[in-house]
Amino acid sequence: MISKFLLFLRHAFALIREDKLFSAIYVAGTAVAIASAMVIAIIINIILADIPPESNRSRTLYLGAFFDLESTPERSPTSDYATQNYSTLALDSCFRQLKCVEVATGVMSTFEFVCSEDRQHMSNASVMRCDPDFFRLYDLDFLSGRPFSEKEFREGERVCVVSDRLLKRLGGVKHFIIPHHEDCPTFRIVGVIKAVSGVMVNSAADIYVPYMESSFGKIPTPELPSPVKIEGDSIFLSSPISYKSHLRVRILLRKGCSRQDFIDEIEPLRRHYNAMTSAKIGEKMEWTIIAHTNMKEFMNFTRNDNDDLKTRATDLLPPTILILLFLFLPAINLSGLVSNRMEARRAEMGIRKAFGAKQRTLLNEVVNENLVLTLLGGIVGWLLSWLFIMAVSNSDIFHSMFRGEHLVDFNPSLDFQMFFTPTLFLVAFLCCAVLNLMAALIPAWHSLRKPIVESLNQKR
């Protein structure tokens with residue numbers, strides 16, 4: 001088997017050397033087609049794949065909500081502008097109590113002007129206000145130190161984690177100051193992480209601080225009246241809508257749990273909370289939960305909250321059609337090249353058929369020979385797509401694809417894992433296979449169907 005495969009490769013490369021112009025044009029045409037398709041596939045991979053530090057995207061839900069009162073106009077659950085966020089009470093007494101939830105964290109993003117203690121080094125910084133569970137959800141690469149602890153978070157200590165990029169801009173300090181706040185608060189750095197690429201929009205920031213810290217405007221925890229027990233869980237009520245505040249909530253589902261499991265488990269709590277809050281404020285209140293997967297959050301073409309297989313396929317249909325279009329149009333031109341090549345080899349094929357070679361064997365050989373050329377073009381195309389994305393990574397269009405506007409210093413550093421994952425390799429291989437079949441199969445089959453005598457007379 002190995003010797004047969006080596007013989008095939010030797011024959012294929014002999015044909016490539018025999019007609020170098022054809023081979024060069026074929027490889028170049030394939031490379032352009034594959035590069036066009038791979039640019040789209042790589043961008044989708046960066047947005048959706050489990051790439052560190054966002055290694056748990058496939059199990060992460062992004063939560064939003066409506067708290068609609070009877071006296072307010074009814075709003076669509078898919079209206080982005082009207083989406084509300086949650087309070088610390090919703091996190092602690094609701095989401096973290098669900099059996100299907102492994103981690104629940106709340107975040108807020110702000111901008112600050114910071115400086116070193118001696119005020120010799122200054123810089124703008126993007127600040128991620130979060131809690132200790134944030135560091136369980138995202139695999140940040142700690143170069144030194146540690147995340148801030150639960151005790152430091154609850155007591156509102158002025159501690160933080162910073163990126164090595166910001167630390168360098170501040171001159172390698174252990175503390176930094178926010179000069180524009182009233183008391184010029186000083187923060188102690190407890191951990192330093194490797195700067196997260198700006199394309200990782202959910203985890204990238206220059207500074208990570210507890211949102212319980214008052215210098216940034218502490219998010220208050222509502223007073224907790226007597227809890228209401230529901231099926232072993234507790235819901236607390238306070239005035240007027242206790243679950244409504246400023247935190248964007250993200251939850252990590254336990255392995256084996258789905259978005260639907262989350263919806264099913266929280267539904268009885270949601271109904272009871274609606275009833276209790278409505279009774280408390282004397283007006284009907286409806287809490288509508290929005291729970292998006294990573295795909296639905298960042299590739300939401302259909303504006304549909306369902307997350308079944310059919311909906312996922314619908315979401316991926318536009319980029320899939322675009323990829324196939326990029327492959328189909330060059331395949332037409334490559335098919336013409338293959339057709340001319342087959343016309344030139346008709347005499348050779350006629351002689352081999354006269355000596356007993358089967359049409360199926362000859363067809364497989366032609367397709368395999370073109371597959372070698374297609375794979376070579378695919379490798380070149382992959383490199384071209386990599387170079388293209390690296391070249392445009394600092395453009396405004398590229399930034400807008402990843403919502404990088406929340407970062408003061410958008411750093412689009414791209415790691416190898418963003419360009420190569422098992423899924424992306426499969427996409428690249430399928431692109432090559434589809435292009436090869438479209439370009440080679442039809443002209444080869446048409447040429448080999450011609451009678452032996454006609455093929456032998458080709459060079460007369």
Side-chain angles (χ1 to χ4, degrees), residues 9 12-13 15-49 199 316-345 366-398 400-402 412 414-447:
L9 285 180
F13 282 107
L15 290 173
I16 293 173
R17 289 191 298 270
E18 180 184 330
D19 194 344
K20 295 179 180 178
L21 179 61
F22 168 83
S23 301
I25 294 174
Y26 195 102
V27 170
T30 303
V32 172
I34 296 296
S36 302
M38 287 308 299
V39 165
I40 300 173
I42 289 171
I43 290 175
I44 294 174
N45 182 72
I46 293 174
I47 294 173
L48 298 183
V199 300
L316 289 176
L317 187 59
T320 302
I321 292 175
L322 196 57
I323 289 174
L324 291 178
L325 185 63
F326 280 134
L327 295 177
F328 180 75
L329 294 180
I332 296 176
N333 294 327
L334 293 177
S335 181
L337 288 173
V338 174
S339 181
N340 291 334
R341 178 77 176 273
M342 289 304 300
E343 287 297 316
R345 296 180 61 191
V366 171
V367 171
N368 290 338
E369 289 167 359
N370 282 277
L371 182 59
V372 172
L373 289 171
T374 306
L375 290 176
L376 289 175
I379 294 172
V380 176
W382 193 310
L383 294 176
L384 285 177
S385 65
W386 190 331
L387 292 174
F388 176 80
I389 291 180
M390 294 292 287
V392 303
S393 61
N394 280 309
S395 67
D396 292 337
I397 295 177
F398 188 82
S400 65
M401 289 180 184
F402 298 95
L414 302 175
D415 297 329
F416 180 71
Q417 294 180 76
M418 299 178 186
F419 293 92
F420 188 86
T421 62
T423 302
L424 199 58
F425 174 79
L426 179 62
V427 171
F429 181 80
L430 288 177
C431 287
C432 290
V434 169
L435 188 63
N436 175 71
L437 289 175
M438 288 193 296
L441 189 59
I442 296 177
W445 178 76
H446 178 72
S447 178

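Atom set for the values below is all heavy atoms of this structure, side chains included, hydrogens, waters and symmetry mates excluded. Positions are given from 1 along the sequence.
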- Say you draw a straight line from OG of S385 to CD1 of I43; how long is it, rounded to the nearest 0.5 Å?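 It comes to 10.0 Å.
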- Task: Let me see the working for I379 and L375 under side-chain contact (heavy atoms from CB on, under 4.5 Å), right down to the final yes or no.
- Result: CA-CA 6 Å; I379 294 172; L375 290 176; 5.5 Å; no
- Task: For I389 and V39, work out which heavy atoms get closest and say how close.
- Result: CD1-O, 4.1 Å
